[in-house]
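Below is one structure; the comments refer to it alone.
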Amino acid sequence: MSDQPTSSTPQSPSPQNPSSAKPCRRYGRIVAGVVVVGVLAMVALGVHLQQKVEERFTGQLWQLPSVVYARELVLQPGAKIRYDEALKELETLGYQAVKAPARSGEYKASRLQLEFVRRPFTFKEGQETERHVVVRFDYSSVKSIHEWVTRDGKPQQRELGILRIEPKMLGMLEAKTTEQRIYLPKDKMPQALVDALLVTEDRHFYEHDGVSVVAIARAFVANLKAGRTVQGGSTLTQQLAKNMFLSSERSLWRKIKEAYMALLIDYQFDKDQILDAYLNQVYLAQSGRQAVHGFALGARYYFGRPLSELRVDQLALLAGLVKGPSYYNPWRYPERAKGRRDLVLQLMVENQLIDEKDYKIAISRPLDLQAKGQLSQRQPAYFDQLRRELTEEVGEKFESGKGLRLFTTLDPLSQQKAEQAVREMMPKLDKKAGKSLETAVVIADRMTGEIRAMVGGSKPGFAGFNRAIDAKRQIGSVVKPAIYLAALAQPTRFSLATTLADKPLVLKGDKGEEWKPRNYDRQYRGAVPLYQALAKSYNIPTVNLGMAVGLDDVIATMEKLGVDRQEIPPLPSMLLGAFTLTPFEVTQMYQTIASGGRKAPLKALSAVVNGEGEVIFQQLPVSSQAVPVQAAWLTMYGLQKTVTEGTARYLNQQLPSSRLAGKTGTSDKGRDSWYVGVDGREVVTVWVGRDDNASSSLTGSSGALRLYADYVLRRDPEPLILKQPAQISMFDYQQSANQTYQQACLGQHQLPAWDPQGNLKLTCVKKVQSFLHDLFSW
């Protein structure tokens, strides 16, 4: 066997197992598919989120409530506005007393002089800037108005002919949303507020693209060290995206959408637009069912003042509340809130946004909050009337949620004093009559019919049944002035001295039924003069007078005064008020009488202005002569006698020099207690009774009059000076043995009379001429 070299044949590699490659390819395709789906999903999400952002930002960002304002106080030389009234107006508007007024909303009061810086305000006629003025008064009116101006570098005073003081913001007619805000553009926000917000919440706001990686990392580290969430990494843009578009749920998916939307918002809109939206969107408090959003409304909620007038420490508190309005609630946790405020101030001084001196002053100040957070309307009865007028007068032009501005006729001082009187007197009247008494108060300007105040129940702030405009109650003796006016409108037949029978009376109806009216005191005086029957509210003389005038004429007169004819039954019992009217309707009737016979429809709404400053509705006070001025004047003379010597004598004891007029009223079985009072400024109707129509055991004098007296003492009435009209003259009368009056040239009593033909004067002159003739012809 020979040795031969061994040849080695190379072996080909064994083929790979086809089954091992298939899973890899499959997994690759799955991953690629997932990536594609994810990308498509993110694109779809982006498109969806982009549409939401565009729809919101390019349209109206929020449903804005209609802001309601009171009447504006107009000052001009000679105006019958007293010093104390103007001072109370400034205090009601939240002006701050200082030694030397320099800023908007500050004032200084001295004897018969007010110096103040009137706030800037957009009236219905347009924007007016702040004005530094000095208003001087005499004892009953405005004497002069001057404004401080700079001329040739020197401060000087120039005389003004008129000055309007901005109206008080009353509240809001809510849009169909639980969010409430007053929109204020960023450029009108205090810079100190913007600085405080950015240094506290997002100091790199103008540098990042909507999401800050640095902030997220910083928050992650801080939370990791603390073992809990102590710091957030969200930018203002992310907070805005969450608050406007997303819920508050804590989830990764919500955070992803929040960041995505923040990027989209930052890409599409500039920083100032975003900041403007945030400043008006931020949540700051909860007021009942209404959420307080935006710093403009937050300033009024916490401090009761415009945002522009807040100090830096107050602005710092608002900025600090962004982190947690409930946790830092300054009323419940004042120390916690002050600590947060001081931290914001510290950040501001560290970043050179305020100096060290201002910082020390700011942290030394108390929180200076108002007594409690107030947002919801506090005049529900008045707002109810306002809504009705909006429906009737403005109609489709009124769009809820568009941020309209409503200017009204409400007088804040009258409303405040009326509510105080109700809260003070109703518990006292309850003690007299038992519990469950209710009330209604309607106050209108005597001449213009503008509604100055309204209370719809014994709890003024409760938005329940509005008795002022919805409760129809028997009016009793408050009907009587209309009857006496109907008679006095016939001067050839009736005067204040006319004798009226006061004896038992029986009236028979068409079917033989008998009606036997009686005086309240069950007494009969035989005969009384007309003015005394009105002043002392005697029933029998009133019925005799009404029947002599005629029911048709009386009803026609009441219709002229503003009462719906359909409400008045054509029956003799109508003469004693045996029919129903609302306090609102009674006020209209008396306004016509008290104004000299000029009917001015009662109105609460003055004007409506839209967001662009366009006046879409306006109504000025209008009046027309409804009944003769002489008859109205004589009736008012009789109603003044009601206060001095009649059923409202209690009022004269309280205010003997105010020359007030009024009328008490009590319905059958004491179910309703009424009083209508008139001073130089207002007509006030007060009703007191029970909702179930049971007896209140109160007369007009013991019930409603007492509430009116409390109100008018608080309000400080304007003396009622009635200008004597043409053809009215004073005449002498002699009182006979039966207490009736007879005209005499030299009588014991004087009464005014309407003498259109001069017959009464002529009679007296003839008697004097006859006397002189007899004297010198002997």
Side-chain angles (χ1 to χ4, degrees), residues 69-121 123 125 128-152 154-168 409-417 443 445-448 450 452 595-596 606 620-621 655-660 678-682 712-724:
Y69 294 95
R71 62 95 183 95
E72 61 194 49
L73 185 64
V74 180
L75 303 178
Q76 55 189 38
K80 295 295 182 181
I81 300 171
R82 298 192 299 272
Y83 162 81
D84 58 338
E85 288 182 73
L87 176 58
K88 289 175 183 175
E89 183 81 11
L90 295 181
E91 292 172 344
T92 300
L93 290 170
Y95 277 65
Q96 304 295 303
V98 296
K99 292 182 179 179
R103 299 178 62 221
S104 169
E106 295 180 340
Y107 80 93
K108 176 185 176 182
S110 54
R111 188 175 183 273
L112 296 180
Q113 178 176 300
L114 290 173
E115 180 180 0
F116 58 96
V117 182
R118 200 279 314 274
R119 292 174 177 136
F121 186 77
F123 294 90
E125 295 84 1
E128 289 191 16
T129 59
E130 68 178 38
R131 308 186 82 162
H132 188 167
V133 298
V134 178
V135 184
R136 298 176 178 87
F137 299 82
D138 57 27
Y139 288 97
S140 62
S141 62
V142 178
K143 185 177 181 180
S144 65
I145 307 172
H146 290 83
E147 179 181 18
W148 280 107
V149 295
T150 301
R151 290 178 180 169
D152 301 325
K154 298 179 180 179
Q156 298 179 9
Q157 287 190 10
R158 69 172 181 181
E159 190 169 3
L160 294 179
I162 190 170
L163 175 72
R164 295 187 296 178
I165 299 178
E166 82 280 0
K168 178 181 175 62
T409 64
L410 183 137
D411 184 320
L413 193 57
S414 293
Q415 181 70 35
Q416 179 191 66
K417 300 306 180 185
I443 303 175
D445 187 280
R446 180 170 72 94
M447 302 305 295
T448 67
E450 294 171 311
R452 298 305 188 199
S595 64
S606 175
L620 300 174
L655 294 160
S657 61
S658 292
R659 304 175 66 175
L660 301 176
V678 184
D679 72 339
R681 181 192 303 114
E682 298 170 334
V712 80
L713 283 166
R714 295 172 186 273
R715 185 63 178 89
D716 192 9
E718 183 179 311
L720 177 60
I721 300 173
L722 300 171
K723 184 179 179 181
Q724 190 167 304

Checking side-chain hydrogen bond (donor to acceptor under 3.5 Å, both in side chains) against Ser414, which of Arg452, Arg71, Glu682 comes through? Glu682
Could you tabulate the donor-acceptor pairs under 3.5 Å formed by side-chain atoms of residues 155-163, not counting sequence neighbours?
unit_1, atom_1, unit_2, atom_2, d
Arg158, NE, Glu147, OE1, 3.2
Arg158, NH2, Glu147, OE1, 3.0

Is it the case that the side chain of Arg118 and the backbone of Arg164 share a donor-acceptor pair, with hydrogens and angles ignored and the cut-off at 3.5 Å? yes
Main-chain N/O of Gly94 paired to Gln96 side chain as donor or acceptor, under 3.5 Å: yes
Is there side-chain contact between Phe137 and Asp84, with heavy atoms separated by less than 4.5 Å? no
So that I can tick it off, tell me whether Lys143 and Asp138 are bridged by a salt bridge, with the cut-off set at under 4.0 angstrom between side-chain N and carboxylate O. no
Ring pair (Phe, Tyr, Trp, His ring centres under 6.0 Å) contacts in which one or both residues fall within residues 91-110, not counting sequence neighbours: none
Quick test of your reading of the model: are Lys154 and Asp152 salt-bridged, counting only N-O distances below 4.0 Å? no
So, applying side-chain hydrogen bond (donor to acceptor under 3.5 Å, both in side chains) with Arg119, which one of Glu130, Glu166, Glu128 is it? Glu166
Is any NZ, NE, NH1 or NH2 atom of the basic residue among Asp411 and Arg715 found under 4.0 Å from an Asp or Glu carboxylate oxygen of the other? yes
Main-chain N/O of Ser110 paired with Gln113 side-chain donor or acceptor, under 3.5 Å: no
Heavy-atom donor-acceptor pair, Gln416 side chain to Pro412 backbone, under 3.5 Å: no
Between Arg446 and Glu718 (salt bridge meaning N to carboxylate O under 4.0 Å), is one present in this structure? no
Determine whether Asp716 and Lys88 satisfy the following criterion, salt bridge (Lys or Arg N to Asp or Glu O under 4.0 Å), listing intermediate values before the conclusion. CA-CA 12 Å; Asp716 192 9; Lys88 289 175 183 175; 5.2 Å; no
So, do Ser658 and Leu720 sit near enough that their side-chain heavy atoms are less than 4.5 Å apart? no
Residues which pass ring pair (Phe, Tyr, Trp, His ring centres under 6.0 Å) with Tyr69, listed by chain and number, not counting sequence neighbours: Phe121, Phe407
What distance do Thr409 atom OG1 and Ile443 atom CD1 have between them, rounded to the nearest 0.5 Å? 11.5 Å
